Amino acid sequence: MASSAAQRIVIENCAIATVDAGDTEYASGHVVIAGNRIESVGAGRAPADLENVVRRIDASGHLATPGLVNTHHHFYQWITRGLATDHNLFNWLVALYPTWARIDEQMCYSAAQGSLGMMARGGVTAAMDHHYVHPHGSGDLSGAIIRAAAETGVRFTLARGSMDRSEKDGGLPPDFAVETLDGALAATEETVRKHHDASFDAMTQVAVAPCSPFSVSTELLRQGAELARGLGVRLHTHGSETVEEEKFCHELFGMGPTDYFESTGWLGEDVWMAHCVHMTDSDIEAFARTRTGVAHCPSSNARLAAGIARVPDMLKAGVPVGLGVDGTASNESGELHTELRNALLINRLGPHREAALTARQALRLGTYGGAEVLGRAGQIGSLEPGKLADLVLWKLDTLAHASIADPVTALVFGAAAPVTASFVNGRQIVEDNRLLTVDEDAIARSTREEAQRLARIAAQG
């Protein structure tokens with residue numbers, strides 16, 4: 001907890017959606033930040049006799065929520081947006097792997113800056129990156145990504161990815177873009193030992209993350225799971241994203257993706273998987289039984305025509321579910337707050353129709369659900385005393401939202417709401433929709449230059 005001498009920031013006069021266990025809300029309330037923790041949340045104004053108050057914010061016309069938590073992304077794709085726009089997943093990968101296989105450290109750093117900056121401007125306070133492309137001689141890609149996150153000021157999980165099944169082994173990536181089994185395991189362990197922070201208020205954590213069933217060997221999955229559990233970190237991969245993946249698993253392994261994952265040690269409360277679109281009842285039961293988490297990526301699933309994930313059925317069964325942007329080569333906006341709306345709307349196209357998700361369920365997916373999936377629900381994801389001060393003030397009194405009486409409905413159903421202030425660990429990183437920690441105009445120039453440089457290199461073969 002924050003010490004009694006901690007400097008305090010008082011936020012008052014705003015609607016508050018705490019997303020706590022009881023979905024407590026206040027029509028007009030206050031939040032007190034002390035140091036890097038939430039000290040109090042409640043109705044009305046904050047106590048007048050608080051000591052060490054360094055700032056008071058009149059948040060009239062705003063909704064305060066927990067910061068958004070992104071549970072799946074590929075930052076490097078920021079510099080390959082707008083390509084292969086009419087492809088399904090496998091054809092999209094075949095089209096883009098030859099370009100991705102030529103990324104280097106500076107490209108990854110610049111792309112991470114772009115991805116993180118766009119998310120932070122849109123209310124993300126905790127992000128993750130599943131980086132699995134490590135071309136030979138490309139430099140310290142993990143270090144570059146972590147450095148960009150630290151500079152942006154976003155709480156961050158690096159899912160250190162890997163691939164060892166290339167074209168010569170029946171996989172999709174070029175041969176020079178994959179690692180050996182031993183090389184991938186050694187590099188992953190080094191990254192965990194160097195960068196993972198297990199403390200309560202950690203700003204950087206690392207997960208073990210072989211890419212997918214069709215780009216890694218069974219041994220990399222099995223030994224990756226053993227490595228993660230030996231080091232005490234989480235596990236992440238792609239699962240059940242497309243019908244083509246399901247067919248691949250049946251043909252190669254004689255079973256579907258979920259059964260294959262279970263056979264390699266990849267179900268459990270320390271595991272979360274991206275997409276999980278094509279899940280049978282027994283698959284969902286297995287995820288619920290083992291508390292395996294899901295990163296739901298509605299926009300990417302639509303962009304690549306993967307299908308509609310059974311999110312209402314997962315939630316009913318007790319599967320932990322969060323939201324993910326996915327790589328920005330399959331979600332060109334790179335914003336998580338739009339996923340609140342898309343998760344709700346797309347799931348209503350499924351069999352549950354208008355009963356699929358509510359606005360408050362969508363907000364929970366993007367906050368507490370994401371924190372649960374990342375293994376950090378005890379620290380972030382809701383506005384409660386003792387939790388870390390990761391929160392967002394959404395401006396809802398402008399033309400775009402002012403006539404919607406319910407602020408949560410306005411946030412989820414309405415246009416993308418401006419972020420007046422975003423705090424991470426008690427530090428403000430966004431003010432009036434602009435980043436405070438980095439120069440976003442310089443990042444825009446850098447990402448354009450790196451995208452052009454990568455395109456030139458790829459064109460040269």
Side-chain angles (χ1 to χ4, degrees), residues 67-83 96 99-100 102-131 133 135 138-159 195 203-204 299-300 324-339 390 392-393 416-425 427-458:
L68 301 184
V69 180
N70 180 35
T71 62
H72 186 66
H73 209 315
H74 308 295
F75 290 174
Y76 74 92
Q77 292 181 14
W78 188 264
I79 57 175
T80 60
R81 294 189 295 164
L83 305 176
L96 291 177
T99 298
W100 294 341
R102 289 164 173 83
I103 58 172
D104 60 26
E105 184 174 333
Q106 180 56 39
M107 292 174 188
C108 279
Y109 172 69
S110 180
Q113 286 186 307
S115 296
L116 287 157
M118 199 67 188
M119 283 188 293
R121 285 200 337 174
V124 169
T125 57
M128 68 81 67
D129 181 32
H130 185 192
H131 188 84
V133 182
S138 55
D140 181 10
L141 306 187
S142 295
I145 296 163
I146 289 170
R147 177 161 54 97
E151 292 169 352
T152 307
V154 171
R155 204 176 298 281
F156 182 57
T157 297
L158 174 69
H195 295 291
M203 291 296 292
T204 304
S299 295
S300 177
V325 170
D326 202 9
T328 45
S330 65
N331 175 348
E332 275 66 14
S333 77
E335 297 178 293
L336 191 70
H337 60 323
T338 58
E339 300 304 306
D390 294 8
V392 177
L393 290 176
V419 173
T420 293
S422 181
F423 293 85
V424 181
N425 220 39
R427 174 196 185 196
Q428 188 172 352
I429 66 167
V430 174
E431 183 171 18
D432 294 333
N433 257 37
R434 294 287 294 184
L435 300 170
L436 296 176
T437 51
V438 291
D439 184 340
E440 59 185 74
D441 295 326
I443 292 171
R445 290 191 297 271
S446 173
T447 55
R448 183 172 182 82
E449 290 167 0
E450 293 303 316
Q452 291 171 342
R453 184 166 71 90
L454 177 57
R456 289 194 300 270
I457 293 171

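Computed from a predicted structure; not experimentally measured.
Using a 4.5 Å heavy-atom threshold, the side chains of Ser138 and Ile103 count as separate. In this structure, His73 and Val124 have side chains that are not in contact, with every pair of non-hydrogen atoms separated by 4.5 Å or more. In this structure, Val430 and Leu436 have side chains that are not in contact, with every pair of non-hydrogen atoms separated by 4.5 Å or more. Residues Leu158 and Ser142 meet the side-chain proximity criterion, which asks for heavy atoms closer than 4.5 Å. Contact check for Met203 versus Val424: side-chain heavy atoms found under the 4.5 Å cut-off. No side-chain heavy atom of Thr125 sits less than 4.5 Å from a side-chain heavy atom of Leu68.
Just one residue in the list Asn70, Asn425, Ile429, Asp390 forms a side chain to side chain contact (heavy atoms under 4.5 Å, CB included) with Val154, and that residue is Ile429. The residue from Glu332, Glu335, Glu339 that alone fulfils the side-chain hydrogen bond (donor to acceptor under 3.5 Å, both in side chains) condition with Ser299 is Glu339.
Contact record, Ala421 with Gln428: CB-NE2, 3.5 Å, taken as the closest heavy-atom pair. Contact detail for Thr152 and Thr437: the closest heavy-atom pair is O-OG1, 2.8 Å. Heavy atoms only, all atoms of each residue included: Ala148 and Leu116 are closest at C-CD1, 3.6 Å. When all heavy atoms are compared, the tightest approach of Asp129 to Phe156 is N-CE1, 3.6 Å. Listed here is the closest heavy atom pair of His195 and Gly143: NE2-CA, 4.4 Å. When every heavy atom of Ala458 is checked against every heavy atom of Arg102, the shortest pair comes out as CA-CD, 3.8 Å.
Panel note: side chain Ser115, backbone Ala111; a donor-acceptor pair is recorded below 3.5 Å. Under a 3.5 Å cut-off, the side chain of Asn433 and the backbone N or O of Val419 do form a donor-acceptor pair.
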* **Test log, rule side-chain contact (heavy atoms from CB on, under 4.5 Å), inputs Gln113 and Asp439** => CA-CA 10 Å; Gln113 286 186 307; Asp439 184 340; over 6 Å; no
* To do: Under the side-chain contact (heavy atoms from CB on, under 4.5 Å) rule, what do Thr447 and Ile443 come out as? Steps first, then yes or no, please.
  => CA-CA 6 Å; Thr447 55; Ile443 292 171; 4.0 Å; yes
* Steps toward side-chain contact (heavy atoms from CB on, under 4.5 Å) verdict (Met107, Ile457) -> CA-CA 12 Å; Met107 292 174 188; Ile457 293 171; 3.7 Å; yes
* **Step-by-step side chain to side chain donor-acceptor pair (under 3.5 Å) determination, Glu105 to Tyr109** => CA-CA 6 Å; Glu105 184 174 333; Tyr109 172 69; over 6 Å; no
* To do: Check step by step if side-chain contact (heavy atoms from CB on, under 4.5 Å) holds for Thr338 and Ser333.
  => CA-CA 9 Å; Thr338 58; Ser333 77; 4.1 Å; yes
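A salt bridge links Arg453 and Asp104; the closest N-O separation between the charged side-chain nitrogens and carboxylate oxygens is under 4.0 Å.
Taking CD1 of Ile145 as the start and CE of Met128 as the end, the distance is 10.5 Å to the nearest 0.5 Å. Note that CD of Gln77 is 11.0 Å distant from SG of Cys108, once rounded to the nearest 0.5 Å. Rounding to the nearest 0.5 Å places CD1 of Ile146 at 11.5 Å from NE2 of His131.
Between His74 and His72, the ring planes are perpendicular. Angles over 60° get that label, and only those under 30° would be called parallel.
The neighbour count for Arg448 CZ, taken as heavy atoms of other residues, nucleotides or ligands under 6.0 Å away, does not exceed 12.
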